[in-house]
Each structure stands twice: as structure tokens, then as C-alpha cells.
Amino acid sequence: MSIISIILVLIIAFFAGLEGILDQFQFHQPIISCTLIGLVTGHLTAGIILGGTIQMMALGWANIGAAVAPDAALAGVSAAIIMVQSGNFDTKGITVAFSTAIPLSVAGLFLTMIVRTISVGIVHGADAEAAKGNFAGLERFHFIALFLQGIRIVVPALALILVPTQSVQDALNAMPAWLTDGMAIGGGMVVAVGYALVINMMASREVWPFFAIGFALAAVTNLTLIALGAIGLALALIYLNLSKMGGNGNGSGGNSGSTDPIGDILNEY
């Protein structure tokens, strides 16, 4: 990679680390980070494919109580860098890069633990500044905490970039077929589980017919992604209009016969 590309990749990695906490512009999502890294390194198509594949896996990642999910930001950034460093942008290269995302995302939990441990001291410092009424000092501690979140992704990203390209290629080529195939199969199973969790959350008697229609339309090879998106948008608008016209008990204000609890909550608002 050129110097400019390296700088841009590190900036993307920094914002991906920030967004893991801020969760506003979604830079930490693999579909965004991999696409941007692919763009700044001149491999946009491969970046989109890699990001979309990892994103399907990350759909099932969520923090539940004290259980912290694998680091999606590090998974996307590191896998994209490994793909670029390997110089292989075909299906095999993307599969190998995708396979490395799983162990790296789990390893990222160690960095998360370090940053959150340091943040305990930062919180106490912010409390002290707040007690003195020093808003400038309070903001300073907030920015320090955010800076550490960005550095959490920048450091491993820089380490991967500094590894010579030839060394990365030799290491990937030295991996036996049973290892790469096994990692790819395992990653595919994680993708299926993540997608199943999302379907389980949104599945209801009202939306299953639309899922079946979309599943059938996706098999039509003549339809582009734009066409599928337009059809999906049209079906969503049809569903919303029909639910307003006759899905609420003819305007009685209740949803006693509904099997969609999330829809019931939303309708109350």
C-alpha cells in the first residue's frame, strides 16, 4: 500500500473504533469499514464482498449483560487489511481473509478489556472535574476515553500493515487446505446462526409471507440488487398501508389478536 492509502486506512480504523462506542455513523460495521478500506486501496468490489460476508456473521453479535460480543470493528478492519496485503482478491482470497476475521474478532476482546479497565480511572477523573465544576476538564476526559477506543483498532491495524506483504502471502499460502476450508465452513455456520437470530427476532405471522416472497424473488437471476431493493421497499409500503387500514381491529385501538409484540409496542406510539 502507498503512504496515502496507509494513512486513510488508519483513519478508517480509528473511526471504526470510535463508532464501536458512539454507534452513530456505523463505521464499525464490517460492511462499512471493509468497503471504505477497499475504496482507499483500490479494491472496492472485493471490499464490498468481504464486508458483506463478515456483516452476515456479525448480525448475531450482541452484548448481553456482562457477556461482550466479538469485536466487529477489528474483524472488518483486520480482515480487509489482510486481504489487501495478500494481493489475492478472488473468491479464495476473500474466503481466507474472512476466515481470519473470526479469531481476530475474539482476540479483540482482550484489547477491549484493557481499554475499559483504563476507562475506570478516566471516569473517576471526570467525576473529580465535575465536582469542581470544570467542564473543560470533564470534556477532556471524555475525549481521552474516545481516543483510546479509536487507538484500540488503530494499533492492531498498523501492526498488520507493517507486516511485509510477501510475509503475509507466504503465511497464507502455507496454510493447509484442511485449515482454510475448515475455517471457511465454520465461518459460514456462524453466518447462518447470525441470520437465523435476526429472522427469529422479526418472525411473525404477519411478515412470514413477505419473507417467502423475497426468498423466491432472490432466486430469480435476472433481477439486480436494485430491483430486489425496489420490490422490498414496495412490499414494506404495502404492509404498512394494509396494517393501518385493517390490521388494528378496525381502529379499536388494540391489537388483541396480534402475534407481533414488537409491532404492538410500536403501534402504541
For the residue pair [X] and [Y], what are the closest heavy atoms and their distance?
X	Y	answer
A75	I54	O-CD1, 4.0 Å
A16	V77	CB-CG2, 4.1 Å
G17	I153	CA-CG1, 3.5 Å
M83	I94	SD-CG1, 4.0 Å
I31	G52	CD1-N, 3.5 Å
G51	C34	CA-CB, 3.5 Å

Are side-chain heavy atoms of [X] and [Y] found at a separation under 4.5 Å?
X	Y	result
H142	L138	yes
T112	L74	no
V155	L111	no

If you count heavy atoms of other groups shown closer than 6.0 angstrom to [atom1] of [X], is the number above 12?
X	atom1	result
I4	CD1	no
I226	CD1	no
L162	CG	yes

With distance as the sole test, does [X] use its side chain to make a donor-acceptor pair with the main-chain N or O of [Y] at under 3.5 Å?
X	Y	answer
Q24	E19	no
S33	H28	no
E129	F141	no

Return the [atom1] to [atom2] distance between [X] and [Y], rounded to the nearest 0.5 Å.
X	Y	atom1	atom2	answer
I21	R152	CD1	CZ	6.5 Å
L104	L160	CG	CG	6.5 Å
L217	N222	CG	CG	12.0 Å
F25	I32	CZ	CD1	12.0 Å
R140	I122	CZ	CD1	12.5 Å
F98	L50	CZ	CG	8.5 Å

Does one hydrophobic cluster hold both [X] and [Y], with members joined at side-chain heavy-atom distances below 4.5 Å?
X	Y	value
I3	L36	yes
I118	F110	yes
I213	L237	no

Should side-chain heavy atoms under 4.5 Å link Ile, Leu, Val, Met, Phe, Trp and Tyr, which residues sit in the same cluster as I48? L39, L44

Parallel, tilted or perpendicular, judged at 30° and 60°: which one describes the rings of H43 and F89? parallel

Under the side chain to side chain contact (heavy atoms under 4.5 Å, CB included) test, which residues partner S119, sequence neighbours left out? V115

List in chain and number order the residues that pass side chain to side chain contact (heavy atoms under 4.5 Å, CB included) with A227, two or more places apart in sequence or in another chain; answer none if no residue qualifies. L223, T224

Please list, one pair per line, the donor and acceptor atoms closer than 3.5 Å that link side chains of residues 7-14 to other protein atoms, with sequence neighbours excluded.
none

L22 vs L146, side chain to side chain contact (heavy atoms under 4.5 Å, CB included): CA-CA, chis, key distance, verdict: CA-CA 9 Å; L22 299 177; L146 287 175; 3.8 Å; yes

Got a sec, which residues hit side chain to side chain donor-acceptor pair (under 3.5 Å) with Q29, two or more places apart in sequence or on another chain? Q26, Q55

T45: side chain to side chain donor-acceptor pair (under 3.5 Å) partners, not counting sequence neighbours: none

Apply side chain to side chain contact (heavy atoms under 4.5 Å, CB included) to residues V120 and R116 and explain how you reach the verdict. CA-CA 7 Å; V120 174; R116 293 191 178 187; over 6 Å; no

